[in-house]
2 protein chains.
Amino acid sequence: MQSPASLAVAYRANGRKLTPQRQLIFQLMHENETHPTAEDLYAQASAQMPGISLRTVYQTLNELAEMGELQFIEIGSGATRFDPNVGDHHHAVCDSCGQIRDVHVRGAATLRPTDSTDFVINEVGVVFRGICSACETSRRKGSTQRGAKSPVQQAKASKK
Amino acid sequence: MQSPASLAVAYRANGRKLTPQRQLIFQLMHENETHPTAEDLYAQASAQMPGISLRTVYQTLNELAEMGELQFIEIGSGATRFDPNVGDHHHAVCDSCGQIRDVHVRGAATLRPTDSTDFVINEVGVVFRGICSACETSRRKGSTQRGAKSPVQQAKASKK
DNA sequence: TGCTAATTAGCAAGACTTGCAAATTAGATC
DNA sequence: GATCTAATTTGCAAGTCTTGCTAATTAGCA
Ligand SMILES: [Mn+2]
Ligand SMILES: [Mn+2]
Ligand SMILES: [Zn+2]
Ligand SMILES: [Zn+2]
């Protein structure tokens with residue numbers, strides 16, 4: 001699934017209706033590479049469809065996830081991020097700006113624990129945490145780099 | 001840091017006090033292999049120290065994280081789970097019961113994205129999702145296994 | 001053109017976590 | 001041991017994110 005055309009098919013297959021709201025959200029989500037939050041999407045959707053509700057955005061995202069059209073990503077920075085790319089890929093998270101970018105990792109799919117052999121693995125996810133080039137650059141230019149905080153701590157601190 | 005003895009040192013080093021609450025939480029956390037939530041810990045702590053507040057549990061966990069004594073784990077199932085093990089290890093999450101177990105993965109630390117080379121990596125995390133042996137067993141005994149839901153969907157559904 | 005089940009919008013409420021301020025206390029000082 | 005004070009704990013209000021509920025609306029079908 002990638003084209004809006006087959007979106008109708010996917011929805012019908014699930015006994016669901018193809019509403020303007022659903023079409024818009026699906027479209028916005030595929031135009032967006034940033035792994036946005038529901039709120040992010042809501043803002044974008046509102047611009048093109050004034051009156052659309054945040055509730056509908058959440059509902060649609062949940063449906064699409066159920067239909068296997070997208071995945072949720074939780075990096076512990078508050079709101080859930082969503083990802084229209086359900087193919088084989090992984091993520092690099094910048095601990096400074098929170099950006100999540102797609103990355104590919106050779107051999108990731110075949111990684112296995114050296115212990116816990118009695119566990120049926122359905123999925124392997126790799127997450128890299130670090131600093132993106134943009135943040136690294138601005139950081140060198142004398143920004144106040146304080147003592148190291150864990151990614152989570154940082155995420156939580158930035159909420160304030 | 002592992003022993004309660006050095007806990008005092010760690011706290012002092014940070015200009016902090018060694019309170020009974022902090023000692024208890026630290027102890028409980030090291031006795032616990034389940035990657036419990038703050039609420040889980042609060043329940044355990046309350047048993048031994050009636051009157052301790054949930055607020056204090058959260059506060060202490062945050063402090064310990066800042067001090068590098070523990071890490072937070074977010075698997076998208078609601079509450080944050082905490083992990084007293086800050087050493088090199090990874091996790092296997094059961095999509096059925098939510099259990100998180102520690103696993104080791106050979107070569108995980110040296111994994112690198114094949115793309116995004118302009119990213120300074122501080123940490124590599126691997127998460128396996130699947131079904132634990134306990135769930136797999138009970139599942140075979142005719143339990144009602146419904147259609148596949150994503151891990152997150154399942155986590156959210158189980159909240160209701 | 002009507003019918004009806006599905007969907008939307010709006011708002012209340014739930015789950016988890018943090019802010020705040022008054023009361024308490026660990027640890028230093030005398 | 002008694003005193004002092006900054007740090008800590010509590011309790012509760014409030015914040016953030018997400019979902020429950022239901023009246024009004026609408027897509028898709030006859
Ligand atoms: Mn992605
Ligand atoms: Mn662990
Ligand atoms: Zn960055
Ligand atoms: Zn299980």
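A, B, ... follow the sequence lines: proteins, then strands. Residue 1 opens every chain. Side-chain atoms are counted along with the backbone in the values below, which use heavy atoms only and exclude waters and symmetry mates.
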Calculate the interatomic distance between B:Leu24 atom CG and D:dT10 atom P; express it in whole Å. 11 Å

Upstream residue (5' side of DNA chain D) when A:Thr19 and B:Thr56 are each assigned their closest nucleotide: B:Thr56

5′-ward residue of the pair B:Gln21/B:Leu54 relative to DNA chain C: B:Leu54

Any side-chain N or O of A:Thr80 less than 4.0 Å from the OP1 or OP2 oxygen of D:dT18? yes

Without hydrogens or angle criteria, can the side chains of B:Glu31 and B:Gln27 be said to hold a donor-acceptor pair below 3.5 Å? yes

Under 30°, 30 to 60°, or over 60°: which ring-plane class applies to A:Phe26 and A:His30, parallel, tilted or perpendicular? tilted

If I take atom CG in residue B:Asn14 and atom P in nucleotide D:dA6, what distance separates them, rounded to the nearest angstrom? 19 Å

Whole-Å gap separating P (C:dA6) and CZ (A:Arg16): 11 Å

Taking atom P of D:dT18 as reference, at what distance in whole Å does atom CG of A:Asn62 sit? 9 Å

B:Arg55 vs B:Tyr11, nearer the 5' end of DNA chain D by closest nucleotide: B:Tyr11

Rounded interatomic separation in angstrom, taking CD from B:Glu66 and P from C:dT18: 11 Å

Nearest to the side chain of B:Lys17, which nucleotide is it out of D:dT18, C:dT17, D:dA7? D:dA7

Shortest side-chain distance from A:Gln59, nucleotide among C:dT8, D:dG28, C:dT17: C:dT8

Quick check: do A:His89 and A:His91 have side-chain heavy atoms less than 4.5 Å from each other? yes

Counting side-chain heavy atoms from CB outward, which of C:dT7, C:dG27, D:dG11 is closest to B:Leu18? C:dG27

Between B:Asp102 and B:His90, do the side chains contain an N or O donor and an N or O acceptor separated by less than 3.5 Å? no

With the side chain counted from C-beta on, respond yes when B:Phe128 and B:Val93 share a heavy-atom pair under 4.5 Å apart, and no when they do not. no

Rounded distance (Å) that lies between atom C1' of C:dT7 and atom CD1 of A:Ile52: 12 Å

Name the closest nucleotide to the A:Tyr58 side chain, picking from D:dC17, D:dG28, D:dT8. D:dC17

Of all the choices, C:dT8, D:dA27, D:dT8, which nucleotide is nearest to the side chain of A:Glu63 once you look at every atom? C:dT8

Nucleotide D:dT25, atom C1' - distance to CZ of A:Arg22 in whole Å: 14 Å

B:Leu64 CG to D:dT8 C1': how many Å, rounded? 14 Å

